[in-house]
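Here the structure is laid out as structure tokens; the discussion comes afterwards.
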Amino acid sequence: MLKVTNTLTGNKEPFTPINPPEVKMYVCGPTVYGDIHIGNARSQVNFDVIRKYLIYSGYKVTYVVNITDIDDKIIKKSIEEKKEAKEIAENYTQAYFKVMEKLGVQKADFHPKATEFIPDMIGLIAGLIEKGHAYVVPSTDLGKDVLFDSTTFKTYGKLSGKNLEELQEGARVEKNEAKKSPIDFVLWKASKPGEPQWDSPWGKGRPGWHIECSTMVRKILGDSIDIHGGGVDLIFPHHENEIAQCEGFTEKPYVKYWLHNGFIEISGQKMSKSLGNIWKAKAALADYRPEVLRYFFLSAHYRSGLNYDQDILEANKRGWEEFNLTFQRVEEALNSPPVDYPMDLLELRLAIDEVEAKFKEAMDDDFNTPKATAALFDLARETRRVLSQTPRVSVGAKSLLGEALDKLNLLGGILGIVTAERVSIPKEVEELAQARVQMKKDRKFKEADEIRAKVMEMGFIIEDVQGGQFRILPKK
RNA sequence: GGCGGCAUACCCAAGUGGUUAAGGGAGCGGUCUGCAAAACCGCGAUUCGGCGGUUCAAAUCCGCCUGCCGCCUCCA
């Protein structure tokens, strides 16, 4: 039984979708005003894993990740770079997809862009005005603003655990004097001359940030959905406001399970522009394999903070490489002719039999990826143990190793920490290594060592195993 | 000030009332080997920030204290 921690209730609760086996899932995607950083990437990877695990568990998932392609930051950037906002948005949208693809994040079923839903947003805003949840105030020469009237939504604050009085007292200096209450938020924003703009009943303007998610969720998935995800920082005000907009209008529950992932910190500090410690996903991918980054992201529970440090990532890298080596070893054994002596396979048999149950148990517990990974490592260790003495194994062992490999591929694939990529060994290296076997037999160790040194220069390591056999590994 | 989270070995990190406190990295010892190895095996917290309490039983529940962090303003 899958359990998930729901921000709305603050509890870990059984996951029972509204209309099983269907699961409607929406995750906040990027605002495309720049290259995404490693924190955005972590969030998307977390939810990618959650999505894949739900599918593995038999749910029929409809997955939506939006692209915010109109907002203040994009406009600011377009002024700075003297480019159209549209061009900025388009460029960074492509950059985003490129990074996601590299990271093995599967495309969502829908990637709606805010600018493609303007008429729907206008419709929702008009509906909110009609229902008395929103009001219009004068703004620029081109149009008026529309604001959500928070006090009309009784349960405002239920997601973030805040209440209206506290919020009003704690509110910072408010710029917009037209607001009835400082915590009212903008649904529609009048444009200034030269800014991107759309026609509306309130003149030329553009949508507020919160309204886009509400609109696209309703348009694509419906009034009530099962899962809505994003980073912890979105709880307030973004997701709080989405609830107010949708439930204010539909009077139906908007989202059943709110899931929020923790932040990545850089050496214990929050990533921020002022600290100058923003770590871009692109830069991370230049230094590390995607599988290593995913392994790192999944090394802590998704709700926890995740501290980045050079040493920590290096340690994760070594851990992943060890895991990855298992695949190569097993494939090597499967592709070699069998030996005819019996092997002790009891431990491996047991490990294969329990890995999937252990993995499920971990993932069913609010997607406990560190624990799930440990289950995979237990099996990987057993396979390596069988292979420790020899690259060639018995027929029985081959059969079990094949089973183990299938399990590791299946489960590791959900986490996205398995790579299909194999380093091909050049024929010349293979031949040199083969020749070295005879040299060793002839006790020409000096020559044998020279071969090893030469192969090393070519980027490969020769490891001797039992029976005069060898194993070739790429140099790291 | 309000709300919330966290504190487990040298490092990362599971564990949320009851067998020997997962897993990974580093370290150490060993195996194999002509040597080497990033290979394999073994070792490693009588103890879970501190102090009290509840309980037959607590890292796990409660209270207080200390320290760190997030949100309350754009942010994954």
Side-chain angles (χ1 to χ4, degrees), chain A residues 7 10 12 27-31 33 36-47 71-73 76 157 160-163 165-167 169-175 183 209 229-238 240 260-265 268-273 278 281 295-296 298-301 303-309 311-323 325 329 358 362 365 368-378 380-381 384-389 391 440 443-446 448-449 452-453 456 461-466 468 471 473-476:
Chain A
T7 307
K12 201 186 280 185
V27 169
C28 286
T31 301
Y33 68 103
I36 64 161
H37 57 64
I38 203 73
N40 302 288
R42 179 203 186 189
S43 183
Q44 292 304 321
V45 166
N46 280 150
F47 287 107
D71 104 324
D72 289 350
K73 292 191 291 289
K76 190 174 163 223
S160 53
K162 302 177 188 305
N163 65 57
E165 292 75 42
E166 280 169 3
L167 282 166
E169 280 167 22
R172 309 282 170 101
V173 180
E174 194 43 61
K175 297 162 222 155
I183 52 168
W209 175 39
V232 277
D233 54 319
L234 296 180
I235 295 172
F236 188 90
H238 185 52
E240 195 71 71
H260 291 101
N261 67 274
F263 273 131
I264 286 188
E265 290 174 3
Q269 284 188 305
K270 183 182 172 175
M271 259 196 283
S272 77
K273 279 181 191 155
I278 301 283
Y295 176 67
F296 167 62
L298 301 174
S299 71
H301 188 267
R303 291 180 64 85
S304 305
L306 178 61
N307 191 27
Y308 161 77
D309 219 282
D311 295 347
I312 294 171
L313 197 45
E314 283 297 326
N316 276 281
K317 182 183 169 190
R318 277 183 225 111
W320 179 83
E321 280 169 349
E322 184 66 18
F323 177 67
L325 199 56
R329 294 271 161 87
K358 278 159 76 179
D365 184 15
N368 190 333
T369 52
K371 203 174 170 185
T373 307
L376 264 40
F377 272 79
D378 285 342
R381 196 188 328 103
R384 274 186 264 121
R385 181 174 285 166
V386 167
L387 298 170
S388 66
Q389 299 304 315
K440 278 172 50 186
R443 304 193 66 78
K444 292 179 180 167
F445 298 125
K446 201 178 165 193
D449 286 348
R452 193 158 58 194
M456 177 74 92
I461 295 164
I462 297 176
E463 283 182 12
D464 290 333
V465 293
Q466 261 190 354
R471 173 185 288 143
L473 297 171
K475 198 167 115 188
K476 284 164 193 160

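Note that this is a predicted model, so its numbers are computed, not measured. Chain A is the first sequence line, chain B the second, and so forth, proteins listed ahead of strands; every chain is numbered from 1.
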Under-4.0 Å side-chain N/O to phosphate OP1/OP2 contact, A:R381 with B:G24: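 Result: yes.
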Nearest-angstrom distance from the residue atom CG of A:D365 to C1' of B:G15: 10 Å
d(CG, A:L298; C1', B:A13) in whole Å: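 In whole Å, B:A13 C1' and A:L298 CG are 13 Å from each other.
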Heavy atoms under 4.0 Å, any strand shown: does [X] hit a base, just sugar-phosphate, or nothing?
X: A:F323; answer: nothing
X: A:N261; answer: base
X: A:E265; answer: sugar-phosphate
X: A:G262; answer: base
X: A:N368; answer: sugar-phosphate
X: A:D449; answer: base
X: A:H37; answer: base
X: A:I462; answer: base
X: A:F445; answer: base
X: A:T373; answer: nothing
X: A:A374; answer: base
X: A:R42; answer: nothing

A:E265/A:R42 ion pair, N-O < 4.0 Å: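 Salt bridge: no.
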SB check A:D378 A:K358 (cutoff 4.0 Å):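 Here A:D378 pairs with A:K358 in a salt bridge, since their nearest N and O are under 4.0 Å apart.
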Donor-acceptor side-chain pairing of A:N261 and A:S43 below 3.5 angstrom: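 Yes - a donor-acceptor pair under 3.5 Å links their side chains.
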Nearest-neighbour nucleotide for the A:K270 side chain, B:C40, B:C71, B:G34 considered: B:C71
Would you measure the distance from the [atom1] atom in [N] across to the matching atom in [M] and give it in whole Å?
N: B:A57; M: B:G24; atom1: C1'; value: 32 Å
N: B:A13; M: B:G25; atom1: P; value: 16 Å
N: B:G23; M: B:C40; atom1: P; value: 15 Å

